[in-house]
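Single-structure report; data block below.
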Protein chains: 2
Amino acid sequence: MSVGIRDVARAAGVSTATVSRALGRGPVSDAVREQVEAAVRATGYRPNLSARRLRSKAAQTIGLIVADIRNPFFTAVSRAVEDAAYAAGLRVILCNTDEDPAREALYLRLMEEERVTGVIFAPTKATADALTPDSLGFPTVFIDRSGLPGAHDSVVLDNVAAAGALVDHLAGQGFARIGGLFGSTSSTARERQAGYEAAMARHGLAPLVRAVAPNAAAAEGEAARWLAQADRPEALILSNGLILMGAVRAARTLGLTIPRDLALAGFDNEPWTDLVEPGLTVIEQPVAEIGAQAMRLLFDRIESPDQPVRKVVLSGRAVLRGSTRRG
Amino acid sequence: MSVGIRDVARAAGVSTATVSRALGRGPVSDAVREQVEAAVRATGYRPNLSARRLRSKAAQTIGLIVADIRNPFFTAVSRAVEDAAYAAGLRVILCNTDEDPAREALYLRLMEEERVTGVIFAPTKATADALTPDSLGFPTVFIDRSGLPGAHDSVVLDNVAAAGALVDHLAGQGFARIGGLFGSTSSTARERQAGYEAAMARHGLAPLVRAVAPNAAAAEGEAARWLAQADRPEALILSNGLILMGAVRAARTLGLTIPRDLALAGFDNEPWTDLVEPGLTVIEQPVAEIGAQAMRLLFDRIESPDQPVRKVVLSGRAVLRGSTRRG
DNA sequence: TATGCCTATGAAAACGTTTTCACGGTTTCC
DNA sequence: GGAAACCGTGAAAACGTTTTCATAGGCATA
C-alpha cells in the first residue's frame, strides 16, 4: 500500500508528530531532522494533501473564475495569477463560466466546498450586483469588473478614461460618426460605454451605441448588419478583443478598407493587433499587473480580513496604429 | 463554527451515515432522503471535499500540465479538457511548465501529493523520454507530444503527414528554397521536422533547417537573422503558432512582402491567421477534439488500468491561404 | 541545591467525512 | 411456516495528517 507518515516515523525511529514537525517548520533538533529527511527519501513518502488540508484547515488553494480562458485577456491574467499562486505554494483551480450566472453560482458553491483560501473572480454584472460582502464564505477579489461599490476588493481598468481616450483620438482625427459596439453582460462594457458617451458629448457628437454578446461571432454578425446600412458609422469603438476581431472580420467581408472606409479602435493589445494591416489602434491593459495586483489584494485580505475594501484602478495605455489614421 | 454532517444528521433526526448515503447514491428511503435534503437546506450545509477525498480516496481531480496556457493551442485544448472534466464532476488543476524539466518534475510531484485521479500532460522531449510507464503514480495521457513508444496513452497530430502536406503544397506552387524553423524542445517539433525533411527529399529538394526556442520573440530574432542573409529561403515552414507569429514579424520588419518575397506556412489555425494579409496558410489542429479525446483516453485508463497503451493520431487540415500563393 | 522555564519529543485527540459491520424488520422462497 | 435473502438504518472504525497536551531533561536563576 501507499506509504504514510507512520511508515516514515517508524523508519526514522521517531513519532509521527516529530515527522510532521520536521517536514513543516516545527521545533526539531538538527539530528532528528536529518534522520527524518533520510527516512522520507528511503520510503519515497509523499504527504497526502487532502489529509493535511482536512486537519490543518488550510486548503492552500485559490479559485480563479473567469468568463472564458480563450479570451486572451483572461489567458494573460490567469498566467500571472498562477505564477504568483504557485510561488506562494498555492494551487489554482480554474473555472470557465461563459458569462452564465448559473455556472457562476455553481462554481462559487464549489469554492465553498473546497474551503478555498481565496478566489479571484470576473463576475457578470448580474452576479456582481447580487453579491453582498458577506454572501461569500471566503476572501474574494474581483478582476476586470467590480460589483457594488465598496463591497469587494477589486482591480479594474479605468474604463471611462480609456474609452474617452479612444473617442478623443478619433475625434481629433476628424471622425464624427463614431459608433460604439459594447458587450452586453459585464460592468466593464457598461463603463466603457459610459466613457464613450461622456466623451462624445464633450465633443458635441451624437452617440451611436449597440450591444452584443461578448464573442467574436456575435460581434461579427452585429457589425456586419450595422456596417451594411447606408448611414453606417465611419469609425467604430469595440469594447474588447473578441468584439474587435469580429468587427475586423465584418469589415473584410463587406470589402471595407481600413481606415479609409472605416476606422477601428478597440481594447486589448493582443499580439495579432499589430499584424493586421494597417495595425489596430487599441487600449493596452496591463494584464500581468492586473493578475499580480489581484493576488496581492487577495493575500492582504487573507491576512487582515477586516481591513477596508480596496479598489485598484489601473490605467490603460493607448497604442495608436493605422486603423484610426484619417484617410 | 462551520456546519458539518453531524449538524445535518441532528437536524434530520438520523445518523451521519444516513446523511452521507442520502447525499451520495446509497440506499435510503424516499422519506429520509427528503428529510435530509430539507435539513441540508435549513442548515446551509456544504460538504468538506478534503474530508470526503481523504476518506473515499477519490480525489475527483485531474491535473493539466502544459507548457504555457498563453499558447493558443494549449488554451483551446485546456478549455476542452475543463469542459469534459467539470461535466464528469472533476476539478482541474492547471500548471504551466514553460518547457522547463525542473518545473515538470515539481508539478508531477504535486500531482502525486494531490493523489489526483489522472493527469493530462504535454511534456518536453527530455521528460517524455525519461518517463517509463510505471514511474508515474497515476493514470496519465500525453497530449501534443508522445514519449517512449508504447509507454503512455497519447493523443497527437499526424505531424509527419501535416508537415509533408505543407511541403507538397509549397513545392507544387513552384517554391524550391523552402526553409524550416522548428521548436527545439518538443517531440512534436522533431516529428514535424522529420516530415518536412522526408517531403523535401521526395521532391528532390535540399532541406534548410533551424531550431529555436518555441516562443514568438526567439522565433522573430532567429527568422530575422536568417532572412537577412543573401541566400535566404523563399519560403518558410514554421512549427507552431508562436513561431509563425515571430516569422511574420520578422518579415514585416525586413520589409518583405508576403508571398512575393517570402512564402509562409505554419501550424495552428489561430483566429488571427486569416486576418493578416494575405492570409496565412496553416495546418489546423482539431484542438477541441484533442482535448476531448485525451479525457476519453484518461477515463478509459482509469476504468481499466491494465488495458494496452493507446495512441490516438489525429489528422490536421491544411487551410490554404494567400501566404503560399506563387507570386 | 531548589525552583522555574524553556526545548525537544511522544501519546493521543481531532479534523469531517465514508465505509464497514451489525441488526431488526420485511419479503421471498421452498 | 421456517429459512434465506434483502433492505434501510445506526454505531463505530477508518482515512492520513496536524495539533494539543503532557513530560522529561537541560539550563539558568535565585
Side-chain angles (χ1 to χ4, degrees), chain A residues 1-37 39-40 43-61 89 91 109-117 137, chain B residues 1-37 39-40 43-61 89 91 109-117 137:
Chain A
M1 281 307 289
S2 173
V3 17
I5 203 174
R6 315 183 72 97
D7 304 292
V8 179
R10 199 173 306 125
V14 298
S15 72
T16 61
T18 299
V19 174
S20 175
R21 284 189 276 250
L23 264 34
R25 42 185 167 67
V28 251
S29 68
D30 291 351
V32 168
R33 169 162 280 126
E34 274 182 37
Q35 280 176 41
V36 168
E37 280 165 3
V40 165
T43 55
Y45 168 70
R46 292 277 179 276
N48 181 319
L49 293 186
S50 293
R52 176 174 291 178
R53 289 191 184 112
L54 171 60
R55 176 60 235 224
S56 68
K57 292 176 170 301
Q60 306 285 63
T61 300
R91 267 132 312 282
R109 183 159 56 236
L110 172 63
M111 294 303 137
E112 283 191 53
E113 300 186 351
E114 292 280 359
R115 306 294 195 268
V116 290
T117 311
Chain B
M1 283 302 289
S2 172
V3 17
I5 203 175
R6 315 182 71 97
D7 305 292
V8 178
R10 201 172 307 125
V14 297
S15 71
T16 61
T18 299
V19 174
S20 175
R21 284 188 277 250
L23 263 33
R25 44 182 165 67
V28 250
S29 68
D30 291 351
V32 168
R33 168 161 279 128
E34 273 182 38
Q35 279 176 41
V36 169
E37 280 165 3
V40 165
T43 55
Y45 168 70
R46 294 276 178 275
N48 181 318
L49 294 186
S50 293
R52 177 174 290 179
R53 289 192 183 111
L54 171 59
R55 176 60 237 222
S56 67
K57 294 177 169 303
Q60 307 285 60
T61 301
R91 264 126 324 273
R109 182 160 55 237
L110 172 64
M111 294 304 138
E112 283 191 56
E113 300 186 352
E114 292 280 0
R115 306 294 194 267
V116 290
T117 311

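Just so we're on the same page: letters track the sequence lines, and every chain starts at 1. Because the structure is a prediction, the values reported are computed rather than measured.
- Nearest nucleotide to the side chain of I5(B), out of dT18(C), dG10(C), dT9(C): dT18(C).
- In terms of position on DNA chain C, the residue among V32(A) and T16(A) whose nearest nucleotide sits closer to the 5' end is V32(A).
- As rounded to whole Å, 7 Å separates atom P of dT18(D) from atom CG of L23(A).
- Look at CD on E114(A): it is 16 Å from P on dG16(C), rounded to the nearest Å.
- Of the candidate nucleotides dG16(C), dA12(C), dT18(C), dT18(C) has the atom nearest to the side chain of S56(B).
- Side chain of T18(A), nearest nucleotide from dT9(C), dG10(D), dA12(C): dT9(C).
- Shown here for R21(A) and P27(A), the closest heavy-atom pair between the two residues is CD-CD, 4.1 Å.
- Residues Y45(B) and I5(B) come closest through the heavy atom pair CE1-N, 3.5 Å.
- Each of R115(B) and V19(B) was matched to the nucleotide of DNA chain D holding its nearest heavy atom; the match closer to the 5' end belongs to V19(B).
- Not a single donor-acceptor pair, N or O on each side, falls under 3.5 Å between the base of dG16(D) and the side chain of R53(A).
- Comparing atom distances between the K57(A) side chain and each of dC15(C), dT17(C), dG16(D) picks out dC15(C) as nearest.
- Looking at heavy-atom distances under 4.0 Å, R33(A) makes no contact with the nucleic acid at all.
- Not a single donor-acceptor pair under 3.5 Å links the side chain of T61(B) to the backbone N or O of R91(B).
- Out of dA12(C), dT17(D), dT9(C), the shortest distance to the side chain of S29(A) is found at dT9(C).
- As a whole-Å value, the separation of R10(B) CZ from dT17(C) P is 12 Å.
- Summarising the geometry of E114(B) relative to A59(B), their closest heavy-atom pair is O-CB, 3.8 Å, with the distance given to 0.1 Å.
- Nucleic acid contact class of S20(B) (heavy atoms, under 4.0 Å, all strands): base.
- Regarding L54(A), its CG atom lies at a distance of 4 Å from the C1' atom of dC15(C), rounded to whole Å.
- Nucleotide dC15(C) holds its C1' atom 16 Å from the CD atom of Q60(A), rounded to whole Å.
- Listed nucleotides dT18(D), dT17(D), dG10(D) differ in distance to S15(B); the shortest reach to its side chain belongs to dG10(D).
- Closest approach of R115(A) and S2(B) over heavy atoms only: NH2-OG, 4.0 Å.
- Checking V19(A), V28(A), V8(A) one by one against V14(A), the side-chain contact (heavy atoms from CB on, under 4.5 Å) holds for a single residue, V19(A).
- Side chain R55(B) to base dT18(C): a donor-acceptor pair is found below 3.5 Å.
- A straight line from CD of E112(A) to C1' of dG16(C) spans 16 Å, rounded to a whole angstrom.
- Here dC7(D) presents its P atom at 14 Å from CG of D30(B), a figure rounded to the nearest Å.
- One donor-acceptor pair, N or O on each side, does fall under 3.5 Å between the base of dG10(D) and the side chain of R21(B).
- Atom pair R25(B):CZ and dC7(D):P shows a separation of 16 Å (rounding to whole Å applied).
- Taking the side chain of P27(B) as heavy atoms from C-beta on, and the options dA8(C), dG16(D), dG8(D), the nearest nucleotide is dG8(D).
- Comparing dG10(D), dT9(D), dT19(D) against the side chain of V28(B) picks out dT9(D) as the nearest.
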